[in-house]
Amino acid sequence: MNKNKENMKYITVLDFESGEVYQYEHLEHLQHGWNQDEADDRETVEWYLSEVIGHNLSNIQWMEHEKPGIITP
């Protein structure tokens, strides 16, 4: 899938410690977009999730995406 990094404005986090799903948009220092496949950008996102927000990286999974919201049946 070809992702336009300017469109990747949201990060959704599955936090297995808290059992919650979190969604973040327009992260202050990442507002120009990021690309999960580039190591530096991935490290920046993971730094933000752990150091600024407080997620434990060993107990989460995250993804970047264009559209907000979580689909529930």
Side-chain angles (χ1 to χ4, degrees):
M1 174 185 281
N2 186 8
K3 297 179 185 178
N4 179 348
K5 70 188 232 177
E6 272 79 40
N7 292 333
M8 298 297 127
K9 296 182 179 176
Y10 301 93
I11 293 177
T12 296
V13 175
L14 299 175
D15 189 316
F16 300 107
E17 262 182 20
S18 68
E20 301 284 337
V21 177
Y22 299 89
Q23 193 166 91
Y24 304 103
E25 72 174 304
H26 303 294
L27 300 179
E28 185 175 316
H29 67 289
L30 301 173
Q31 60 189 346
H32 299 292
W34 62 88
N35 182 346
Q36 181 178 341
D37 296 330
E38 294 180 19
D40 290 343
D41 290 341
R42 181 177 180 83
E43 290 172 8
T44 301
V45 170
E46 289 182 346
W47 171 86
Y48 186 87
L49 292 174
S50 65
E51 299 299 320
V52 175
I53 296 176
H55 290 291
N56 179 348
L57 293 179
S58 64
N59 288 317
I60 68 168
Q61 289 187 353
W62 63 272
M63 69 174 192
E64 59 182 348
H65 52 96
E66 293 180 29
K67 299 177 185 176
I70 298 170
I71 299 170
T72 58

Checklist entry - Does Asn56 have any side chain to side chain donor-acceptor pair (under 3.5 Å) partners at least two apart in sequence or in another chain, and if so, which? => result Glu17, Ser58
Item to check | salt bridge (Lys or Arg N to Asp or Glu O under 4.0 Å) contacts in which one or both residues fall within residues 49-63, not counting sequence neighbours | outcome: none
Item to check | For Ser18, all residues meeting side chain to side chain donor-acceptor pair (under 3.5 Å), sequence neighbours excluded | outcome: Tyr22
Next on the checklist: Looking at every heavy atom in both Ile53 and Leu49, which two are closest together, and how far apart are they?
Outcome noted: CB-O, 3.5 Å
Item to check | Validation row: Thr12, Tyr24 side chains within 4.5 angstrom (heavy atoms) | outcome: no
Checklist entry - So, do Gln23 and Pro68 sit near enough that their side-chain heavy atoms are less than 4.5 Å apart? => result yes
Item to check | Test side chain to side chain donor-acceptor pair (under 3.5 Å) applied to Glu46 - qualifying residues, sequence neighbours left out | outcome: Arg42, Trp62
Item to check | Aromatic plane relationship, Tyr10 with His65 - under 30° parallel, 30 to 60° tilted, over 60° perpendicular | outcome: parallel
Checklist entry - Linking Ile, Leu, Val, Met, Phe, Trp and Tyr through side-chain heavy atoms less than 4.5 Å apart, which residues share a cluster with Leu14? => result Phe16, Val21, Ile70
Next on the checklist: Show every salt bridge (Lys or Arg N to Asp or Glu O under 4.0 Å) that has at least one partner inside residues 53-62, sequence neighbours left out.
Outcome noted: none
Next on the checklist: Let me confirm one number: the NE2-CD distance from His55 to Glu20, rounded to the nearest 0.5 Å.
Outcome noted: 10.5 Å
